[in-house]
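Heads up: the structure comes next, in structure tokens.
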Amino acid sequence: MIFPTEINLLDISAVILLIATFGLMVSRGFSNWVNAYRYQTIVLAGIVALIASITNIWELYIVSALTFGIKAVIIPKILFYVTKKLDSPIKLEIYPYISMKLSVIIAALLVTMSYFIFLYLDIKSNEIIQVFLPVSFALFFIGLFVIVSRRKALNQMMGLLTIENGLFLFAVSLTHGFSLIIEIGLMADIVLGVMISSILLFRMSRTFDSIDIKNLESLRDD
Amino acid sequence: MLENFHLVYAIVGFFSLGAILGLFSRGKSQHVYLTYIPSIIGSFLAVILSIVVFTSEDIHITLSSQQIFNFEIFIDGVAAFFILIIGLISFAVSIYSLSYSKKFDDKKNNSNLGMLVNLFIISMILVVASNNIFFFLIFWELMSLTSFFLVIYEHDNENNLKSGLTYLVMTHLGTAFIMASFLFMYAQSGSFSFDSFRDAGIIPDYVRDVAFILAFIGFGTKAGMVPLHIWLPQAHPSAPSNISALMSAVMLKIAIYGIVRYLFDFNSIDDSSNYLWWGLGIVVIGSVSALVGILYALVERDIKRILAFSSIENIGIILIGLGLSVVFASFNLTSLSILAFVASMFHTLNHAIFKGLLFMTAGSIHYSTHTKNIEDLGGLIKKMPWTGLMFLIGTIAIIGLPPLNGFISEWLILQSLLSVFQIPSTILQVSLTFASLALALTIGLAAATFVRLFGISFLSKSRTLKAANAIEVPRFMLTGKAILASACIVLGILPFIGINLIVTAFNLSYTPLSPFEPLSIITEDGKSFASLMMPAVLIILLSVFVSIFVFVKIIGGKTSTKKYNTWDCGFGGLSERTQYTATSLVEPLSRVFAVFYKPKNEIINSFYSDQNQYLKKSIEVSYTTRNIFEEFYDLVLSFNLYILNKIRKIQTGKINAYILYIMIALLSLLFAMGTGLIE
Amino acid sequence: MNEFYITELFFGISQVLLLVVLSPLIVGIMRKTKARSQKRVGSPIIQPYFDILKLVKKEEVVSDQSSWIFRCNPWVNFATTVSAAFFIPVSIVYSPFGVMGDILLVIGLFGLGKFFTILSGLDVSSSFGGLGSSREIMFSVLVEPALLITIFVIAIFYGGTNISMIVTSANEISFLASPGVIFALIAFFIILMVETGKLPFDNPSTHLELTMIHEATVLEYSGKSLALIEWSQSIKQIILLTLFVNIFIPWGISDNFSLTEISFGMLFIITKIISLGILITLIETRIAKWRLFRVPDLIAISIASSMMGVIFFFI
Amino acid sequence: MFLELFSSLESILITALIITPIISGVLVTFLKKKKIIELVTVFSSFLILIEGLILVNSILKYKTIYVFNGIFYVDSLSGIIIITISLVGFLSSIYSVSYMGKQYEKLIIDEKKLVRYYQGFNMFLFTMLLVPISNNMGIMWIAIEATTLVSVLLIMLYVKQSSIEASWKYLLIATVGLSLALFGTIFFYYVNTVDVPLEEDVLGMNWTNLVENASGFDPNLVKLAFIFIIVGFGTKAGLAPMHTWLPDAHSEAPSPISALLSGVLLNCAFYGILRFHIITSNSIGSHFSNTLLIILGVVSIGIAAASIYFQKDLKRMLAFSSVEHMGIISVAIGFGSVIGIFGALLHIINHAVVKSLLFFTSGSISQKYETKLISDTSGIIRIMPITGFAFLIGVLAIIGLPPFNIFMSEFLVLSSGFESENFLPSMLVILFLVIIFAGFGKHLLKMVFGNPKQTIKKGDLGILSIIPMLILISIIFVMGIYVPEPLQTLIGDASQILLVGDLHN
């Protein structure tokens, strides 16, 4: 039985998720990024719980709890610890390769593109959940765009985590999630990835005393 | 039948024995004998093997193992003829290097030379003997690899390494073309072995044409045809002389073997198959390489570079013969096509012999005078009389003067060119006469080059101390050269040996000559077009010599001869500086061919002090000619490197760019799929 | 060899002896006409015989620099030129030694002789010898293509390089049948002048070292060897003249073994050679020696005309 | 044939194969002493080699092996990968004892870093071994992601600017690439279970299940999914436009690790592409995936050719040659005829063997000359005769000269190229191979011959570094002409799977 509220609930949650990603796009400071990411994961966990209630598969509840626990709490904690420890003076991304204004417009374009791809694919999944497919594409492409257009390594990590969120949403909405072992494996990978990149960030800030990737260009063929 | 198998195994065994001994007898004093005696025996066995194959039937061994490619050896007449060339020349060169490689005793890895020589010879024999693509290419590359290591054997001076590299890259380019053409044929015939290429049925014509062009370019690079000859004048001089003798005399012939095997064995040429343009292409390239090769040999100053350029010229002549035989065959003039084929094969044999002889003599000059520049030589015939005699025989043979073998093969090629008028189409007749014009000019220029080479390095006064205190080379080197010199004389005086050898080897429908019958060419209507009886000519020469000697003795009576210095118009002793040098001897000719050489004549005078321009310390006249091909190659090379440099720049070091590349790759593939570009 | 009668052998040798004996006479006649045309009396016709006999008896001076090549050059020169004479049909169409060699062999033998002359020029290590050899090399390189293409034309017209074959078919076909032969004639005439070292190319009688080419290579010879060289030079000249005459103007040459025919043929051939020799010397006295680097243009004309001869045959 | 109940030997073997590296990793963390951890690692990789060989032997017998109701699935295709991992793993463990020992003597790395190195080494082996064994595509993806993370740890062993840069780039690009691959895997999972009731779709991710009902997939989606897969796993396998991380990562890692990275890790990633290639060729015919493989292969050989010619750093040149050889393998699979696929699989083994030899020798050379630049190293043959000779053989083999093994597989690849009528790619490949030949030849001559510049002490670097080189040289020579029977049957079965995709025969 589908309550009308749930349907627009789905749409509303999709819109909130997109707003959270845009929030990540526009924020400048390191801590703003991490906060934006935290909101994003919280909304994501909510969506997963929602899908679980619609398709009433019990594993999805566990998965949403897991995502909330790890992605919304542990990972932001690590990232906050990292941003505090970084001894680079200004914790701002001032001159990204593409100006903030332009990057927002491009993000919008990417969202429209993901909707076009979604239409091209005409996937016959459960109609209700299909709302989240274009959003997951959008998350994926915006994450990719963040990595390409930003100068600060931490921001690139954020882009990476957004791509992972997009993937996670895509998996849940399309095939209602993998079996549990694979979910746990994915989570472990993400956490390990974040830990290793934070170690790298520490080393980078200690040797280059700034985490700008401009000074990561010595290995090249010229 | 039984002994044929063992002969092949014995040859392979001896050469590998030589190689292994070479490897392990590093420091020992008699390493030379350990490595070269097995190669002498091996090459002698190779000569016997080829004679056995001529007389009895072909050898076919297949070691079929469960592998994809089983190791097949198939020695028919064609392969046996080339094995004969390899055997004969390596027999002489191995004896020669018994004492020549003592020159390298001071180097630490002196026994490597012996090992590499053995590997080089056995890989050439196996190239000629192998019967499927895979092993043909393996031994072909092994041959180029060992000869590469030999070229850079003295790798302490820099330009040896550079010429070694050009050699390696050019031969590899050639092998790539050969592999492409074989794989083209394989794609149609379905099996790797050469037998499947032989039955003409299954392979359509367009494949044969494309495969021919690729094979011709591939083998041409190895043979040193003109546009692809750049590596030859650099590689041969930098190798030790016994190796450049082997390379120039034998390795170029392996490329000719490839072309012959491809032209006459894989395709049957007659007027139905339109291979006419193949023949014309070969003739044109042959005459161009002959002319260009000899023009550069004329003005060269390094003795081994002259010989290398003259190899290009002789390969050109061989190609003219092959081309003509294809042209005649495609007009069904079988007797003329056989004549042209016999001419080019006889010239291959002759060139192998006298080029090996000349390189060995150049090696002995280098051995005793330690210089290769003929401007510092002179008067060697008084110091090294035997080497001088051998070099004279080699020069007379390579110029193509009557008593020796060069004249016979030149005579045959000229006869086949002369009988071009029997071809029905007039345009062909006229164009082929232009080829004969180029050949005639080449013969003249060859005479000039080798007269200059012999005259400047051997006659008159020695120009430097190095040439002055040269001494005759040890015994083994002389025997090595004597073998080839006698082969020149024997083949010159009794040409029927060579002709019968070729006719039986390639089992052409041509009645083999009896010793006394003249070498005659008969036109269709039975009239004798031309005939030659070399033994009779020799008898006439001797009888005339005896009669005039007697006549002068009777009339002139006892006359004494007095030694006195040369006429110097009374100005006082002629020093060696007043003689003609190598450059001035051909300066008139280089002025006649100025359009080709673009000679530059500059005078550099250095002064004691800058202020007064009058007190000159020295005046130096330098006369240089330009080599168009080397400049052309530099141009092409720099263009390619420019493009490669542009592609290389994609590794920019910026991580954003790298992620962008992935995004672009993904989107372009999606776009291609979407629009149906990739189905 | 069995049907080769002794008479034919004897007759062939007699033809060669005729050429060998006659050649100094022709040189004497040419020198006489040259002197006459320059209004001087000149030495008697048979003067060359006396020169050869005198030289043979004289003592020989050899330069200490030279090697055995210098000493054996005259013998090689003489042997090759005389053996080339064996294959030339003189008074009869068919020369008995025809089957043994053809025109290419004759050119090869001349080449061997020239090879040794050039080397002996270099051997004496004097700059004159070097000068002569370097110019001799230049001429021989340029003459080679002209010579081979002319032979090409003759071989096509008269069906073969076998000299007796050429002369027999030349005898049958009427004089200068087609334009191709005329071009071949012009080319052969120029080659004749170059080979024998006539005036526009090389001044044989001068003693000014810079202008002489042929003389410079043999500057050092004296006594017996000089005699041999002079003699072989004249034999070479007479061979070329007989070749020219028999191929292009073959009237009166006998085509069978009857004695009368041969003797008439002998008479005709001698008169023709002498008149050709006189014609050449008349041309020689009219022209001055050309500059060295103008000579290639003249040889280029001969190459061009022989090429025209080829084209005319095919079209 | 189809092993219903998991027979005891196979299950023990596979579990042992996974457990040994974990145990040795744990042991290494606890026993801090240098001597002991080296011994433990070498022994454990030796054990892995033995288990691998026995497993392959049983693969030859049973063709396909199921263990633990389908979680682990091994067939001859994964057998080939297992051989390469275990062989190169064992040899590089021996070499790393000498290499890291030398580094330890020169105080470049301290005790703590050595322990972390051996931990990483064992974990690296574990993650790589997991890839060919897992039947579930999700687990395979996780294993490949884990290899990335572990190898990043190993690359950033030295605290140098360039190694931080290399590891950051490697981590970022690889993770982006692998997320694309995950996208593709999820697509396949969706396509497989679109009309299957919810509870059975757990098996949907298994490769065997995917292959079985591949014919029923929706073609449009399969094409899209395969594009994501090939771009994703292509990044890890070093195919052309996505190869940019490879030269930095492989030249900064310690030599034994870059030997493992280049020789083996690229093959594991390519193994992923092969698995999905079989599925796509079963569902929509092999033309689509073949064209993709050929395009990417030719582009990667081309770019590698351009970069090798101008390279100044020895290890970067070797890394680019790995890009080239992965290009050749993908082109070979793209050509698709029996000989082509046989050549491609043979090339995987040949390339692993020759590339590890080259990285070992270049490691010793750069240790002896203390520089990685080609211009500074010259006259190696004089200074270190055995390593110089091994380096010479390695370079001559890698550029495809006949007596060695690479020529045989390249010859097979090119003949299949001509046989399957795509002449243009084959001619392009031949042309690029010649350019690479010229590039390598130019550098080889300068380095091996000529006289050494400064006064460098003569002599090779200890016996432990020589043994792996000699073993590899003997393999190269033997495999040049004669491919041993068991290996030939293994590769034959694997190419059967690739050709037909059906797992039963």
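Protein chains get the first letters and strands the later ones, always in sequence-line order, with residue 1 at the start of each.
Contact annotation: the side chain of C:Val62 never approaches that of B:Tyr564 to less than 4.5 Å [non-hydrogen atoms, C-beta and beyond]. Annotation: side chain of B:Leu414 is in contact with side chain of C:Leu148 (closest heavy-atom distance under 4.5 Å). Using a 4.5 Å heavy-atom threshold, the side chains of B:Lys562 and C:Glu60 count as separate. Contact of the C:Ser134 side chain with the B:Tyr580 side chain is registered, since non-hydrogen atoms from C-beta on lie closer than 4.5 Å. A 4.5 Å side-chain heavy-atom check between C:Phe86 and B:Val544 finds at least one atom pair inside the cut-off. Using a 4.5 Å heavy-atom threshold, the side chains of B:Leu459 and C:Ser67 count as touching. Residues C:Val82 and B:Phe545 form no side-chain contact, since every pair of their non-hydrogen atoms from C-beta on lies 4.5 Å or further apart.
In this structure, chain C has no heavy atom under 4.5 Å from any part of B:Ala447. Neither the backbone nor the side chain of B:Ser543 comes within less than 4.5 Å of any heavy atom in chain C. The contact between B:Ile399 and chain C is made entirely by side chain atoms (from C-beta outward), counting heavy-atom distances below 4.5 Å. Proximity to chain B involves both the backbone and the side chain of C:Thr80, based on heavy atoms less than 4.5 angstrom apart. For a residue to count as touching a neighbouring chain, one of its non-hydrogen atoms must lie under 4.5 Å from one of that chain's; by this rule B:Leu532 touches chain C with backbone and side chain alike. Both the backbone and the side chain of C:Phe152 come within contact range of chain B, with heavy atoms under 4.5 Å apart.
When the candidates B:Ser436, B:Ala448, B:Ser460, B:Ala440 are compared by the number of heavy-atom contacts under 4.5 Å with chain C, B:Ser460 comes out ahead. Counting heavy-atom pairs under 4.5 Å between each of B:Val586, B:Thr395, B:Ile396 and chain C puts B:Ile396 at the top. Options C:Gly121, C:Ser66, C:Ala79 differ in how many heavy-atom pairs under 4.5 Å they form with chain B, and the most are formed by C:Ala79.
Heavy-atom proximity under 4.5 angstrom to chain C picks out B:Leu401, B:Pro402, B:Pro403, B:Phe407, B:Trp411 from residues 401-411 of chain B. Heavy-atom proximity under 4.5 angstrom to chain C picks out B:Lys382, B:Leu389 from residues 382-390 of chain B.
Across all non-hydrogen atoms, the minimal contact from C:Val141 to B:Gly444 is CG2-O, 3.5 Å. C:Pro145 and B:Leu441 make their closest contact through CG-CD1, 3.7 Å (heavy atoms, listed as atom of the first residue, atom of the second, distance). Between C:Gly130 and B:Leu585, the shortest heavy-atom distance links the atoms O-CD1, 4.0 Å. Residues C:Met138 and B:Leu589 approach most closely at CA-CG, 4.1 Å, considering heavy atoms.
Listed by chain and number, the residues in a side chain to side chain donor-acceptor pair (under 3.5 Å) with B:Gln415 are C:Asp102, C:Thr161 (sequence neighbours excluded).
Rounding to the nearest 0.5 angstrom, the gap separating the CZ atom in C:Phe78 from the CZ atom in B:Phe551 is 8.0 Å. Rounding to the nearest 0.5 angstrom, the gap separating the CD atom in B:Gln579 from the CD atom in C:Gln65 is 8.0 Å.
Counting heavy-atom neighbours within 6.0 Å of C:Lys58 NZ, excluding the residue itself, gives a total of 12 or less.
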Scan the side chains in residues 103-119 of chain C for donor-acceptor partners under 3.5 Å anywhere in the protein, sequence neighbours excluded, and list what turns up.
unit_1: C:Lys114; atom_1: NZ; unit_2: C:Glu195; atom_2: OE2; d: 3.2
unit_1: C:Thr117; atom_1: OG1; unit_2: C:Gly113; atom_2: O; d: 2.5
unit_1: C:Thr117; atom_1: OG1; unit_2: C:Lys114; atom_2: O; d: 3.2

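Below 30°, between 30° and 60°, or above 60°: for B:Phe549 and C:Trp75 the angle between ring planes is between 30° and 60°, a tilted geometry.
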